[in-house]
Each structure stands twice: as C-alpha cells, then as structure tokens.
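Take a look at the structure set out below.
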Amino acid sequence: MQSALHAATVILPDLRRGLTVESARRAAPHLRTLTQAAAIALADRTHILAFDGRAAEHHSAGEGILDLVAEGRDDRVHVESHFACTTPGCPLGAAIVAPLIVTAERVGSLIAFYPSAERLTPDDIHVIGEAASLVSAQIELSELQAQGERLARAELRALRAQISPHFIYNALAAVAGYIHSSPELARERLIDFSEFIRYTFRGQRPFVPLSDELEYVRTYLRLEQARFGDRLHVALEVDPSVLGTLVPVLSLQPLVENAIRHGLERRAGAGWVRVVGRARGDCVHLQVIDDGVGMTAEHARASLSGTDEAGQRERIGLANVQGRLQASFGEGYGLHVESSPGQGTTVTMTLPRMSELRAA
C-alpha cells in the first residue's frame with residue numbers, strides 16, 4: 001500500500017508537464033509499481049513513448065503501438081488475451097490497453113503487460129483503468145496550464161500593442177519643452193523615454209523580479225513628473241525583502257498609469273500617488289494609492305472585467321493585469337479595487353511570494 005501511494009504521488013509532477021518521451025520515461029516505473037504489472041508502456045496515438053519492466057531488452061520507445069497491440073476503442077479499456085511478440089522467449093503473453101482521454105479526445109494509451117491472460121482478474125482491469133484516468137487527469141492539467149500561459153502571453157502582447165498614444169505624445173511634448181530652457185534635463189528625460197520603450201517591447205521572460213518592474217515604474221513616473229511638475233507627488237514604499245518576488249512583466253506600471261490618467265489628471269490642483277509593497281505571510285501585497293477623483297463601486301467592478309460603466313469594452317487597464325495574474329497564479333490572486341467618488345482609489349495586487357517559478 002505504501003509503495004502504491006508513493007508511486008501515485010511521484011507520478012503527478014512528471015505527467016503534469018504533458019505527455020512527452022521524458023515525462024513518460026519518468027512515470028513508467030512508478031506506474032508499474034502502482035499496477036503491479038509485469039511491464040508498462042505509455043504511448044501517444046502512434047508510438048510507444050516509454051517501456052519499463054520485463055522484456056525491456058527488446059521492447060522500447062519508438063516502437064509502433066500497432067506492432068504490439070490493437071489500439072481499441074477510444075471509450076473503453078480492452079484486454080489483449082494473446083499478446084503476440086515475435087521475439088522468441090518473450091515473457092509477456094497478455095496486455096490490458098487503456099485509452100488516455102483529454103478533453104474528450106484520445107491522446108494516447110496506457111498498456112500493462114502480463115505473462116498470460118489466465119491470471120488476469122476484473123480487479124486488474126479496474127486498476128489499469130483507474131491508473132489511466134490518473135494519467136489523463138495530469139495531462140489535462142498540463143494542457144490547462146499551457147492554455148493559461150498562452151493567454152497570459154497573448155494579453156501581454158495586447159498590452160504592449162496598446163501603449164497609450166496619449167502618454168507618448170505628452171512625454172515627448174514635455175521633453176521638447178525642456179530643450180531650450182533646460183537642455184540637460186531634456187536629455188535625461190529623453191533617455192528615460194528610450195528606457196521606457198525598451199523595457200516595454202524587449203523580448204524578455206513573462207516574469208521579472210519586482211525590483212525590475214519598480215525601476216520601470218520610476219522611469220515612467222519621471223516622465224509624468226516632467227509633464228505635471230509640482231502637481232504630481234510620488235512616494236515608493238516597498239519593503240526590500242520583497243524586491244526579489246517574481247511579478248508578471250508590465251503588471252505594476254499600468255496600475256500607476258491608471259491612477260494618474262483616471263485619478264489625478266481629472267482633478268484640479270496637486271495630487272499624489274503612493275506605491276506600497278509588503279509581505280503578508282506567503283503572499284506579497286502591492287498597493288497603488290491615489291487621492292484622485294475616485295470612482296463608484298460599479299465602475300470599480302467594471303474596470304476589473306474590462307468594461308466601462310456602460311458595459312463597453314475598454315482597450316487597456318486593470319482587466320489586462322487581472323487576467324494575466326490569475327492565468328499565472330490562480331483565482332486566489334489578482335487585483336482588488338477600493339474606491340469612492342472624491343475619495344481616491346486603492347488598487348491592491350496580491351501575488352505569491354516566490355523568487356522563482358515553481359515546477360508545475
């Protein structure tokens with residue numbers, strides 16, 4: 001029982017990376033322990049990916065599945081009572097073939113081999129069917145994770161494609177305004193602008209340390225302060241202990257831009273934006289706080305779903321960041337908006353406290 005439980009446990013991380021030659025090779029010995037079969041094979045629709053157990057000296061990865069057994073129907077386990085191997089003295093004489101089903105489609109087979117069909121029992125067939133269900137579930141989880149990662153990458157591309165022309169125009173106009181009165185400052189802001197664009201569009205990993213994202217935010221804020229002058233006050237209060245935390249690239253800056261564009265830009269007089277970062281147990285909370293015009297609860301909810309108060313789709317904003325956070329880390333993480341008209345807005349990002357991506 002202990003061996004079976006251990007085998008079931010160690011199968012999970014390998015197959016959660018998908019059905020490949022490597023994941024099948026790692027999982028096959030544990031599946032043999034779990035099922036107590038003489039040999040185990042994992043296959044895709046056409047070929048054996050891994051073979052473990054008796055007769056491994058003449059059965060191996062790369063062998064055509066139909067050279068060993070009939071594939072059978074996609075919806076049921078079947079028994080090969082007379083497994084016919086052409087190698088003299090092969091110790092295998094029967095097989096149980098179970099389909100691996102992912103999202104209603106057969107992606108491969110789990111094949112358990114035995115010395116003869118005479119010793120097979122209904123319990124053996126049931127065990128192989130359950131083992132195939134376990135394998136299928138892990139492969140399906142890998143597919144879901146891959147879909148989430150593809151979605152996150154697509155949303156990042158969308159965000160990069162939607163960098164506000166309004167911001168770019170205003171940033172360059174602010175730089176131009178300094179050319180004659182303060183050429184050195186104009187030069188510094190132009191360097192900031194080039195760094196901003198480089199970070200936005202460089203081909204980097206989808207995750208970066210929080211320290212990198214904060215430097216990008218500082219660059220953005222210097223450009224905005226060139227435009228707003230004394231009207232914009234900024235404070236960054238981030239605990240150094242969380243600077244190594246991985247965050248999705250371009251996840252914090254859109255929150256700051258949102259605070260300036262929809263909070264401070266619409267109010268008279270000066271305003272402030274604070275970025276606060278703290279560890280909370282196994283999580284990190286990043287807050288972007290402004291004293292701008294605020295919004296209604298209905299508008300706050302709509303902003304997270306990617307719509308305005310009239311239900312129309314918005315091009316950029318909180319929804320993009322929310323989608324990437326939840327696709328990357330799960331439904332328990334993401335953004336929370338607290339706001340009311342005339343009272344400013346606080347957007348809190350919650351993400352796991354980790355400095356490297358955990359294996360799936």
Side-chain angles (χ1 to χ4, degrees), residues 5 8-10 12-14 16-17 137-138 141-142 144-149 151-153 155-156 159 204-218 220-221 234-259 263 272-291 294-295 297 300-301 303-306 317-340 343-360:
L5 288 173
T9 301
V10 296
L12 306 184
D14 291 323
R16 206 169 289 177
R17 298 184 177 94
Q138 300 314 304
L141 284 174
S142 77
L144 291 173
Q145 179 180 344
Q147 289 174 15
E149 291 172 350
L151 174 62
R153 287 194 293 269
E155 289 179 333
L156 175 58
L159 184 62
Q204 60 189 348
R205 296 179 303 162
F207 298 91
V208 294
L210 176 58
S211 56
D212 286 6
E213 189 74 3
L214 276 173
E215 190 56 42
Y216 179 60
V217 168
R218 289 188 184 95
Y220 167 77
L221 287 171
V234 175
L236 300 182
E237 305 166 12
V238 179
D239 189 327
S241 68
V242 302
L243 291 177
T245 299
L246 287 183
V247 300
V249 67
L250 299 180
S251 58
L252 185 59
Q253 182 273 337
L255 308 188
V256 177
E257 181 175 354
N258 192 74
W272 50 261
V273 174
R274 293 173 58 213
V275 179
V276 180
R278 298 286 185 270
R280 294 288 185 271
D282 292 334
C283 296
V284 170
H285 289 180
L286 300 175
Q287 292 184 308
V288 177
I289 309 165
D290 68 69
D291 66 344
M295 67 183 88
R301 285 193 295 270
S303 66
L304 286 180
S305 64
L318 304 184
N320 183 288
V321 177
Q322 174 81 326
R324 289 190 291 131
L325 286 168
Q326 295 191 339
S328 300
F329 303 124
E331 294 293 328
Y333 301 97
L335 302 179
H336 176 70
V337 181
E338 297 177 79
S339 188
S340 57
Q343 300 299 314
T345 301
T346 297
V347 179
T348 301
M349 178 194 303
T350 302
L351 62 163
R353 187 179 185 183
M354 59 183 185
S355 57
E356 61 182 17
L357 289 179
R358 300 185 182 97

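Both backbone and side-chain heavy atoms feed into the values below; hydrogens, waters and symmetry mates do not.
Remark: the backbone N or O of Leu318 is not paired with any side-chain donor or acceptor of Ser303 at under 3.5 angstrom. Judged by distance alone, with hydrogens and angles left aside, the side-chain atoms of Gln322 form a donor-acceptor pair with the main-chain N or O of Leu335 at under 3.5 Å. Ser339 places a side-chain N or O within 3.5 Å of a backbone atom of Gly344 that can act as its donor or acceptor partner. Side-chain N or O atoms of Arg278 include one that pairs as donor or acceptor with a backbone N or O of Glu237 at under 3.5 Å. A donor-acceptor distance shorter than 3.5 angstrom exists from the side chain of Arg324 to the backbone of Leu250, with no hydrogens or angles considered.
Across all non-hydrogen atoms, the minimal contact from Phe329 to Leu351 is CE1-CB, 4.1 Å. Considering every non-hydrogen atom in both Asp290 and Ala259, the closest pair reads OD2-CB, 3.4 Å. Contact between Gln287 and Thr348 at its shortest, heavy atoms only, is NE2-OG1, 3.1 Å. Between Ala279 and Arg353, the shortest heavy-atom distance links the atoms CB-NH1, 3.4 Å.
In this structure, Arg274 CZ and Thr346 OG1 are separated by 8.5 Å, a value rounded to the nearest 0.5 Å. Separation of atoms CD (Gln253) and OH (Tyr216) is listed at 4.5 Å; rounding is to 0.5 Å.
By the 4.5 Å heavy-atom criterion applied to side chains, Pro248 and Leu325 are counted as neighbours. Taking the side chain as every heavy atom from C-beta outward, Ser328 and Tyr333 never approach each other to under 4.5 Å.
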Could you walk me through whether Val275 and Leu214 pass the side-chain contact (heavy atoms from CB on, under 4.5 Å) test, one step at a time?
-> CA-CA 9 Å; Val275 179; Leu214 276 173; 4.3 Å; yes
Does the side-chain contact (heavy atoms from CB on, under 4.5 Å) test come out yes or no for Leu210 and Leu252, once each step is laid out?
-> CA-CA 9 Å; Leu210 176 58; Leu252 185 59; 4.3 Å; yes
For the pair His336 and Thr350, evaluate side-chain contact (heavy atoms from CB on, under 4.5 Å) and give the outcome as yes or no after the intermediate values.
-> CA-CA 8 Å; His336 176 70; Thr350 302; over 6 Å; no
Go through the steps to decide whether Val247 and Val208 satisfy the test side-chain contact (heavy atoms from CB on, under 4.5 Å), and finish with yes or no.
-> CA-CA 6 Å; Val247 300; Val208 294; 4.1 Å; yes
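Exactly one residue among Leu255, Val217, Thr345, Asn258 makes a side-chain contact (heavy atoms from CB on, under 4.5 Å) with Val288. That residue is Leu255.
For Glu338, the salt bridge (Lys or Arg N to Asp or Glu O under 4.0 Å) criterion is met by no residue, not counting sequence neighbours.
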